[in-house]
S.K.: 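Please read through the structure below; I'll follow up with questions.
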Amino acid sequence: MAGTVPRRGLDAQGCIEREGSLARVPHAFRPVVAAARDGLLDVFGARLHSAYLYGSIPRGTAREGRSDLDLLVALREEPADADREAVRALGEALDKEFLQIDGVGTLLYGRARLLSDLETYDLGWFVACLCTPLLGDDLAEYLPRYRPSSLLARETNGDLALLLPRWRERIAAAGDTEDALRPLVRFMSRHLVRTGFTLVMPRWNGWTSDLREMAEAFGTYYPQRAAQLRRAAEYGCEPVGDPDVLRSYVDDLGPWLAEEYARVHGVKAPRPD
């Protein structure tokens with residue numbers, strides 16, 4: 001069965017194609033993107049090396065009032081706490097102004113880290129393959145082409161065992177309201193589905209960012225866990241504020257997935273933070 005799954009998301013050389021483009025941004029989200037671009041220039045000015053969109057908006061699959069705006073910002077030097085506060089404030093302002101989006105998430109790094117050897121198969125790959133240039137010089141020009149390899153799998157998602165204790169702390173601190181738990185369900189569902197997919201990515205030999213496709217690819221190789229990942233994919237798209245869902249992630253699916261990932265691909269190289 002696995003051998004019949006067609007390759008997707010790869011070019012003629014078997015490398016992962018970059019997804020997304022500014023041309024695919026839905027019309028309703030273009031004012032949001034323009035405001036984000038102008039806001040980043042106002043905040044950072046000449047300190048800004050480059051900025052990128054990622055997620056559903058540059059892929060053209062965003063839904064009004066349901067999708068968030070995802071940004072990655074590269075500064076010419078390592079960011080300080082004041083810089084992180086500035087992007088947080090900008091995100092809050094954009095979320096308040098534009099009803100089209102449901103939140104703003106911004107990743108903030110220095111150029112040197114994004115191009116470092118340690119990050120070549122994690123943040124570097126993320127920029128080169130999953131990010132759409134919005135401002136500045138594209139860092140993908142300095143990065144290699146990427147194939148769906150075990151090395152890429154290990155360095156992108158081989159740290160789930162380290163994340164699970166932090167997830168438990170976040171769940172405990174969130175309270176038990178629907179509004180507090182729903183964002184955690186969405187975030188953790190997406191993370192687990194993507195981890196499940198990259199576990200099988202080298203065998204599947206392709207790339208997709210569609211959560212449901214990811215879950216189906218995973219289920220080809222792990223049918224005993226397929227239903228769990230399919231449900232996680234649905235919750236990643238339509239989250240619910242259910243504490244039982246979160247408990248199942250940190251007590252069952254997450255620990256199993258972390259152990260199997262380490263067995264198949266090894267553990268991600270340690271990061272300083």
Side-chain angles (χ1 to χ4, degrees), residues 20 26 28-29 32-33 35-36 39 52-59 61-73 81 84-109 123 126 130-131 156-157 159-198 209-212 214-215 228-255 257-258 273:
F29 292 91
V32 188
V33 172
Y52 308 80
L53 300 173
Y54 68 94
S56 61
I57 289 179
R59 291 200 302 267
T61 59
R63 298 176 296 167
E64 289 187 55
R66 305 298 295 274
S67 296
D68 49 357
L69 172 67
D70 295 311
L71 300 164
L72 183 143
V73 177
D81 289 344
R84 297 183 182 92
E85 175 60 25
V87 296
R88 186 198 63 78
L90 175 60
E92 287 186 352
L94 291 170
D95 188 34
K96 183 177 181 180
E97 180 178 357
F98 295 99
L99 298 180
Q100 301 94 311
I101 56 174
D102 180 21
V104 178
T106 304
L107 302 175
L108 183 64
Y109 297 101
L123 291 175
F126 185 78
L130 303 190
C131 287
T156 52
N157 287 303
D159 59 350
L160 182 58
L162 295 177
L163 297 178
L164 289 174
R166 303 176 199 171
W167 287 12
R168 294 185 182 99
E169 291 175 0
R170 290 182 64 182
I171 293 168
D176 57 2
T177 67
E178 175 83 10
D179 288 344
L181 295 180
R182 190 185 303 111
L184 290 181
V185 170
R186 179 169 66 175
F187 166 75
M188 293 179 189
S189 297
R190 291 178 178 184
H191 194 108
L192 289 174
V193 172
R194 290 164 182 158
T195 302
F197 171 69
T198 53
S209 282
D210 183 281
L211 293 175
R212 295 182 176 93
M214 286 180 163
Q228 284 180 290
L229 219 71
R230 289 191 189 103
R231 283 195 297 272
E234 294 304 320
Y235 289 141
C237 298
E238 302 289 346
V240 295
D242 188 340
D244 290 336
V245 172
L246 293 171
R247 280 193 289 269
S248 74
Y249 287 169
V250 297
D251 293 340
D252 179 34
L253 179 59
L257 191 52
D273 54 359

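Note that the structure is a prediction, hence the values are computed from the model and not measured. In this chain, numbering begins with 1 at the start of the sequence shown.
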S.K.: Would you say the side chain of Phe126 lies within less than 4.5 Å of the side chain of Leu107, judging by non-hydrogen atoms?
M.R.: yes

S.K.: Within this structure, what is the CG-CD1 distance for the pair Leu69 and Ile57, rounded to the nearest 0.5 Å?
M.R.: 4.5 Å

S.K.: Okay, side chain of Arg84, backbone of Leu108: is any donor-acceptor separation there less than 3.5 Å?
M.R.: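 No, because the side chain of Arg84 does not come within donor-acceptor range (under 3.5 Å) of the backbone of Leu108.
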
S.K.: Step by step, work out the side-chain contact (heavy atoms from CB on, under 4.5 Å) result for Asp251 and Arg168.
M.R.: CA-CA 9 Å; Asp251 293 340; Arg168 294 185 182 99; 4.2 Å; yes

S.K.: Do the non-hydrogen side-chain atoms of Asp242 and Leu181 ever get within less than 4.5 Å of each other?
M.R.: no

S.K.: Search all heavy atoms of Cys237 against all heavy atoms of Arg66 and return the closest pair with its distance.
M.R.: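 Taking Cys237 first and Arg66 second, the nearest heavy atoms are O-NH2, 4.5 Å.
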
S.K.: What heavy-atom pair brings Gly254 and Leu164 nearest, and what distance separates the two atoms?
M.R.: C-CD1, 3.6 Å

S.K.: Would you say the side-chain atoms of Arg230 pair up with the backbone N or O of Ala215, donor to acceptor, closer than 3.5 Å?
M.R.: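 Not confirmed, Arg230 side chain does not pair with Ala215 backbone.
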
S.K.: Phe197: what forms a ring pair (Phe, Tyr, Trp, His ring centres under 6.0 Å) with it, not counting sequence neighbours?
M.R.: Trp204, Trp207

S.K.: With a 4.5 Å cut-off on side-chain heavy atoms, are His191 and Leu160 touching?
M.R.: yes

S.K.: So, do Leu253 and Leu229 sit near enough that their side-chain heavy atoms are less than 4.5 Å apart?
M.R.: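 A side-chain contact under 4.5 Å exists here.
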
S.K.: Calculate, to the nearest 0.5 Å, the distance between atoms CG and CG belonging to Leu130 and Leu72 respectively.
M.R.: 10.5 Å

S.K.: Mind listing the closest non-hydrogen atom pair of Thr156 and Asp159 along with its distance?
M.R.: O-OD1, 4.4 Å

S.K.: Give a yes or no on this: more than 12 heavy atoms of other residues, nucleotides or ligands lie within 6.0 Å of atom CG of Asp244.
M.R.: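 Atom CG in Asp244 is crowded, with more than 12 foreign heavy atoms closer than 6.0 Å.
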
S.K.: Using 0.5 Å steps for rounding, measure from the OG atom of Ser248 to the OH atom of Tyr235.
M.R.: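 Atom-to-atom, Ser248:OG and Tyr235:OH are 8.0 Å apart.
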
S.K.: With the side chain counted from C-beta on, respond yes when Thr198 and Met214 share a heavy-atom pair under 4.5 Å apart, and no when they do not.
M.R.: no

S.K.: Taking only Lys NZ, Arg NE, NH1 and NH2, and the carboxylate oxygens of Asp or Glu, determine whether Arg186 and Asp102 approach each other closer than 4.0 Å.
M.R.: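 Judged by the 4.0 Å cut-off on N to carboxylate O distance, Arg186 and Asp102 do form a salt bridge.
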
S.K.: Between Ser189 and Tyr249, is there a side-chain heavy-atom distance shorter than 4.5 Å?
M.R.: yes

S.K.: A side-chain contact here means heavy atoms from C-beta on lying under 4.5 Å apart; do Leu71 and Leu53 qualify?
M.R.: yes

S.K.: Are the side chains of Trp167 and Phe187 in contact, using a 4.5 Å heavy-atom criterion?
M.R.: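 The answer is yes, as the side chains (C-beta and beyond) meet within the 4.5 Å cut-off.
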
S.K.: So which heavy atom on Val250 is nearest to which on Pro255, and how close?
M.R.: O-CG, 3.3 Å

S.K.: Of all the heavy-atom pairs spanning Leu90 and Gly39, show the shortest one and how long it is.
M.R.: CD2-C, 3.9 Å

S.K.: If you take all heavy atoms of Asn157 and Arg194, which pair is closest and at what distance?
M.R.: ND2-O, 3.8 Å

S.K.: Please identify each residue that fulfils side chain to side chain contact (heavy atoms under 4.5 Å, CB included) with Glu64, with sequence neighbours left out.
M.R.: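 In terms of side chain to side chain contact (heavy atoms under 4.5 Å, CB included), with neighbours along the sequence ignored, Glu64 is linked to Ala28, Phe29, Gln100.
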
S.K.: For Glu92, is there an ion pair with Arg88 - N to carboxylate O distance below 4.0 angstrom?
M.R.: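 Salt bridge between Arg88 and Glu92, a charged N being under 4.0 Å from a carboxylate O: yes.
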
